[in-house]
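The model shown is predicted, which means the values in this text are computed figures rather than measured ones.
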Amino acid sequence: MGSSEGDKPLRRIAASFEELEAVAKQQQPGPGAMEVGAFARACSNVSVLFGCLGIAFKFAEMDYVAKVDDLLEASKSISKLPEMVELDIQKGTVRQAGSHTRNLLRVKRGIDMVKILFEQILVTEGNSLRDAASKAYAQVFAPHHGWAIRKAVAAGMYALPSKSQLLKKLNEDENSAKVQMQNFVRASGPVILYVEDLFTSRNLGMDW
């Protein structure tokens with residue numbers, strides 16, 4: 001019998017990042033560079049996960065989805081990620097609100113957070129997601145958020161689903177989820193490094 005991939009968002013997330021991982025490992029700025037469309041589509045698969053985490057990550061879901069949509073739109077006219085960043089550099093719009101490069105940085109943070117969340121879930125005993133989610137938020141988003149958002153997120157952590165509730169939403173059991181989370185953690189690492197290299201190699205910084 002078996003469920004279709006459409007019913008298994010965690011598998012879709014892991015598989016799409018494994019495809020990106022192969023490109024990221026080539027690290028070629030030329031024809032082998034990562035496509036904007038492929039990157040944005042893989043990242044759009046992650047949106048469902050933010051939705052499953054409830055009110056604590058509502059801000060992340062709304063912001064993340066809007067930024068991924070912008071990259072999907074950009075992919076209609078811009079082929080590769082390095083090209084997209086270079087265009088913003090030429091226009092002097094890298095740090096402007098709404099620029100594709102700024103949105104790319106925000107999307108990368110979303111992927112960072114999910115990677116750390118999965119890493120923490122894999123090593124945390126019990127049924128609560130609060131410690132895992134709190135650590136992921138503290139590492140990735142908290143340094144860039146003001147007091148009011150940090151406080152709202154802290155309150156929202158008490159409304160997180162349990163681990164078993166999350167797995168049910170994702171149509172996975174503990175063992176299958178573990179495999180897919182490990183796959184995502186492994187595959188997303190080189191992809192995150194690839195995006196970071198787009199910024200650091202051009203001296204754009206990432207702490208903004």
Side-chain angles (χ1 to χ4, degrees), residues 5-6 8-50 60-119 136 139-141 144 179-208:
E5 287 298 300
K8 302 278 188 181
L10 209 49
R11 294 171 195 219
R12 213 164 49 242
I13 291 167
S16 59
F17 271 81
E18 283 170 339
E19 288 174 23
L20 291 183
E21 178 191 22
V23 180
K25 283 184 168 176
Q26 294 170 15
Q27 279 290 357
Q28 292 172 355
M34 196 175 292
E35 291 180 358
V36 180
F39 177 80
R41 284 190 295 276
C43 292
S44 71
N45 289 332
V46 178
S47 304
V48 66
L49 189 69
F50 285 113
E61 182 190 10
M62 291 164 67
D63 189 61
Y64 180 86
V65 169
K67 306 294 191 270
V68 170
D69 284 349
D70 173 72
L71 296 182
L72 284 168
E73 190 60 34
S75 72
K76 294 176 183 175
S77 57
I78 305 169
S79 173
K80 310 281 187 178
L81 284 177
E83 178 194 350
M84 185 181 83
V85 174
E86 288 297 341
L87 284 170
D88 279 342
I89 290 171
Q90 285 164 24
K91 289 188 288 187
T93 56
V94 167
R95 294 197 178 206
Q96 277 183 19
S99 83
H100 300 319
T101 302
R102 187 177 186 273
N103 289 343
L104 174 62
L105 180 59
R106 297 303 187 271
V107 169
K108 184 207 78 92
R109 276 187 201 141
I111 301 306
D112 270 337
M113 206 233 49
V114 173
K115 178 176 180 281
I116 295 168
L117 176 69
F118 284 179
E119 287 171 343
Q139 280 189 50
V140 178
F141 289 127
H144 305 284
V179 170
Q180 300 308 325
M181 286 182 184
Q182 286 168 336
N183 288 346
F184 176 82
V185 167
R186 188 180 62 247
S188 63
V191 178
I192 289 167
L193 286 174
Y194 179 93
V195 176
E196 287 176 350
D197 188 56
L198 288 179
F199 285 81
T200 55
S201 64
R202 292 162 177 81
N203 297 315
L204 298 177
M206 284 179 290
D207 194 19
W208 48 275

Contact summary for [X] and [Y], nearest pair of heavy atoms:
X: G110; Y: F141; result: CA-CZ, 4.0 Å
X: W208; Y: R106; result: O-NH1, 3.2 Å
X: P190; Y: A24; result: O-CB, 3.5 Å
X: L49; Y: V114; result: CD2-CG1, 3.5 Å

Considering residues at least two apart in sequence or located in another chain, which fulfil the side-chain hydrogen bond (donor to acceptor under 3.5 Å, both in side chains) criterion with [X]?
X: E35; answer: none
X: E73; answer: K76
X: S188; answer: none
X: E196; answer: K108

Please examine the side chains of [Y] and [X], heavy atoms only from C-beta on, and report whether any two atoms are closer than 4.5 Å.
X: L81; Y: Y194; result: yes
X: E21; Y: K25; result: yes
X: I78; Y: L87; result: yes
X: R109; Y: H144; result: yes

Not counting sequence neighbours, which residues clear side-chain contact (heavy atoms from CB on, under 4.5 Å) with [X]? List them please.
X: Q182; result: L122, K178
X: T200; result: D197, M206
X: E86; result: I89, Q90, R202
X: N183; result: A14, E18, V179, Q180, R186

Would you check, one step at a time, whether the test side chain to side chain contact (heavy atoms under 4.5 Å, CB included) holds for Q96 with T101? CA-CA 9 Å; Q96 277 183 19; T101 302; over 6 Å; no

In short, ring pair (Phe, Tyr, Trp, His ring centres under 6.0 Å) pairs touching residues 62-96 with sequence neighbours left out are F50-Y64

The complete set of ring pair (Phe, Tyr, Trp, His ring centres under 6.0 Å) pairs with one or both residues in residues 82-119, sequence neighbours excluded, reads F118-F184

Rounded at 0.5 Å granularity, tell me how far NZ in K80 sits from OG in S75.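 Between K80 NZ and S75 OG, I get 12.0 Å after rounding to 0.5 Å.
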
The reported gap from CG in D112 to CG in L117 (rounded to nearest 0.5 angstrom) is 12.0 Å

So, the side chain of S99 versus the backbone of R102: is there a donor-acceptor pair under 3.5 Å, distance only? yes

| message | Testing L198, D88, L105, V94 one by one against L204 for a side chain to side chain contact (heavy atoms under 4.5 Å, CB included), which residue passes? | response |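 Testing L204 for a side chain to side chain contact (heavy atoms under 4.5 Å, CB included) against L198, D88, L105, V94 leaves exactly one candidate, V94.
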
Output side-chain donor-acceptor pairs under 3.5 Å for residues 39-47, partner residues at least two apart or in another chain, one line each.
{"unit_1": "S44", "atom_1": "OG", "unit_2": "R41", "atom_2": "O", "d": "2.6"}
{"unit_1": "N45", "atom_1": "ND2", "unit_2": "S16", "atom_2": "OG", "d": "3.2"}
{"unit_1": "S47", "atom_1": "OG", "unit_2": "S44", "atom_2": "O", "d": "3.1"}

Those residues at least two apart in sequence (or on a different chain) that pass salt bridge (charged side-chain N to carboxylate O under 4.0 Å, His left out) with D63 are K67

